[in-house]
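Notes to accompany the following structure.
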There are 2 protein chains.
Amino acid sequence: MSAVAEVTPAADGARAWEVVLRRIEGDLVAGILKPGDHLPAERALAAELGVGRSSVREAIRVLEVLGLISTRAGSGPQSGAVIIARPTGGMSALVRLQVAAQGFAVPDVVATRVVLESAVVTELSAGRPPLTEARELLDAMEQPGADGGPLARDEFLTLDQAFHLALAAASGNAVIASMMSGLRDSIEQYIRVGASVLPVWAATQERLAREHRAIVGAIDEGDAEGARTRIRNHIETYHAETNVSSIHDH
Amino acid sequence: MSAVAEVTPAADGARAWEVVLRRIEGDLVAGILKPGDHLPAERALAAELGVGRSSVREAIRVLEVLGLISTRAGSGPQSGAVIIARPTGGMSALVRLQVAAQGFAVPDVVATRVVLESAVVTELSAGRPPLTEARELLDAMEQPGADGGPLARDEFLTLDQAFHLALAAASGNAVIASMMSGLRDSIEQYIRVGASVLPVWAATQERLAREHRAIVGAIDEGDAEGARTRIRNHIETYHAETNVSSIHDH
DNA sequence: GATACCGTGTGGTCAGACCACATGGTCAGA
DNA sequence: TCTGACCATGTGGTCTGACCACACGGTATC
């Protein structure tokens, strides 16, 4: 009566897919698996760990959503699950779903963006890297669109996102870069909806481009305080204008 | 079954588990699902969406790891998958695995902690909330252990983590709180290993407690600058001491 | 009225079977 | 020899069906 034999699942308290996850994590920490390496085939992994293939697939799926691996069917060197370690997608999914589930409030997301981007421009003002990629994006944003007028809204927003990400990447901190990108991505669709109803989008777009230039200018001059103020106003004004305060109507 | 072309996996570019994920996300955004609500049973969801139960389970697993739902077997009101929206666990898993996969460098994790916690204490210095929970944790950290000496290392580190989380929670920003907690959790195990080899842990523990008091003191006085400096030194010194610069030896 | 029992529905897991796909070899033809 | 078509192979993607352990809730029993 005292010792009950738990035969089938979780003899050690862990579910089958957790066993797989821990195994892979252990191999990563131990250096057995590195970025670029291939995971064993699902069927082989299942046999080796003594679990079903479906459990292996649940672990694989988690790793894929978290941005650790990429899977491709077929045969040959390109197929299978390969370690990629791209945190951006996973961060986006996490924030986006938590916003949807009301675990994150949109104002908190915006406020956190301000904190992170302020830290980024502070860092950049001190180091003053060339910011080549960011400048190229700014140039592209000011190019006329196909109809001769300003760039289309969707293209502009895509470049805008890339610009902010380029700043974060230039700071050299991958954690901040992915978090920033995730925060932005997560409310991206709501931003596009908000922007689509703006009556004077062309003027807004022109203003945003001007603010971008001012931010880069402050960084170039080593004016950390000015860069912080500008990036804060840039982000907060933008979100206030597109009215993305909450995605839940009720 | 009789459904034609339903077996084709990516006819619309989306895999089956993505269909399930999007459906649930859509229900969340639409307000059909709220925190506390139960998801339909896996078998029912599979039948409704025309996918296999294994695909539903892959989506469920992702949502569980991301901290959106909690699953329990059995029957009755407590069973099934319920929306919880607790981002902390998901953030921890994401950061921890990305560190393991070398997508995140440990110094970047520490630097981001400094950025976020600096923002937290800045905010707290302006608002000056009572910080009741944080103070109680500090008291608990200074209680003697079972043997009359200082608190055990593991218990102290648990309280330390709770203290930092309490500060973040007091700032009212759930996004920052979960990110901070995730950053700390993700390297927690490496910290414990590093702390276990410290020759003078008792002295370190006493110093950490003193620094905690100083941080709270600066917040109480509305000294944002002092609080920032103290929290930065607190975190950076700690990690330098426990030598958690990299988890990959090679 | 309280207790023991058992049916029911849940998630957790596994085994087996297909499919679509990408590869790489083989083989027939130019 | 070169070129093209062809097919065997191994991969992930998916579905189906079947168990298990578990928690609940009703029912029968005391």
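Quick note: numbers below take in every heavy atom, side chains included, and nothing from hydrogens, waters or symmetry partners.
- Look at CZ on A:Arg61: it is 10 Å from P on D:dG12, rounded to the nearest Å.
- Atom pair A:Gln78:CD and D:dT11:C1' shows a separation of 13 Å (rounding to whole Å applied).
- Nucleic acid contact class of A:Gly76 (heavy atoms, under 4.0 Å, all strands): sugar-phosphate only.
- Closest to the A:Thr71 side chain, of the nucleotides C:dG11, D:dG13, D:dT14, is D:dG13.
- When rounded to the nearest whole Å, the span between CG of B:Leu49 and P of D:dT14 equals 13 Å.
- Note that OG of B:Ser178 is 7.0 Å distant from CG of A:Leu94, once rounded to the nearest 0.5 Å.
- At whole-Å resolution of the value, CD in B:Glu42 and P in D:dC15 are 14 Å apart.
- As a whole-Å value, the separation of B:Leu39 CG from C:dG12 P is 12 Å.
- One can find a donor-acceptor pair under 3.5 Å joining the base of D:dG12 and the side-chain atoms of A:Arg43.
- A:Glu58 has its CD atom 14 Å from the C1' atom of D:dT14, to the nearest Å.
- Look at C:dA4: its Watson-Crick or wobble partner, with both distances under 3.5 angstrom, is D:dT27.
- When heavy atoms are screened at a 4.0 angstrom cut-off, B:Ser55 is found touching the sugar-phosphate backbone but no base atom.
- Residue A:Glu42 forms a side chain to side chain contact (heavy atoms under 4.5 Å, CB included) with just one option from A:Thr71, A:Val20, A:Val56, and that option is A:Val56.
- When both pairing distances are held under 3.5 Å, C:dA30 makes a Watson-Crick or G-U pair with D:dT1.
- Of the inter-residue distances, the one linking A:Arg22 atom CZ with A:Trp17 atom CH2 reads 9.0 Å to the nearest 0.5 angstrom.
- Looking at heavy atoms from C-beta onward, A:Val120 lies out of side-chain contact with A:His164 at the 4.5 angstrom threshold.
- Among the heavy atoms of the strands lying under 4.0 Å from A:Gly52 are primed sugar atoms or P, OP1, OP2 only; no base atom is included.
- Here the nucleotide nearest the side chain of A:Ala41, chosen from D:dT9, D:dG12, C:dT8, is D:dG12.
- Contact annotation for B:Arg57: base contact, defined as any heavy-atom pair under 4.0 Å involving a base atom.
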message: For A:Val62 and A:Glu58: C-alpha separation, side-chain torsions, deciding distance, then whether side chain to side chain contact (heavy atoms under 4.5 Å, CB included) applies.
response: CA-CA 6 Å; A:Val62 168; A:Glu58 289 182 21; 5.8 Å; no

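- Comparing B:Ser54 and A:Gly74, the nucleotide of DNA chain C nearest to each residue sits closer to the 5' end for B:Ser54.
- Taking atom CZ of residue B:Arg15 and atom C1' of nucleotide C:dC21, one finds them 14 Å apart after rounding to whole Å.
- Applying the 3.5 Å distance criterion, the base of C:dG12 shares a donor-acceptor pair with the side chain of B:Arg53.
- Annotation: of the two residues near DNA chain C, A:Val56 and A:Ala73, the 5′-most nearest-nucleotide partner is A:Val56.
- Atom pair B:Leu45:CG and C:dG11:P shows a separation of 10 Å (rounding to whole Å applied).
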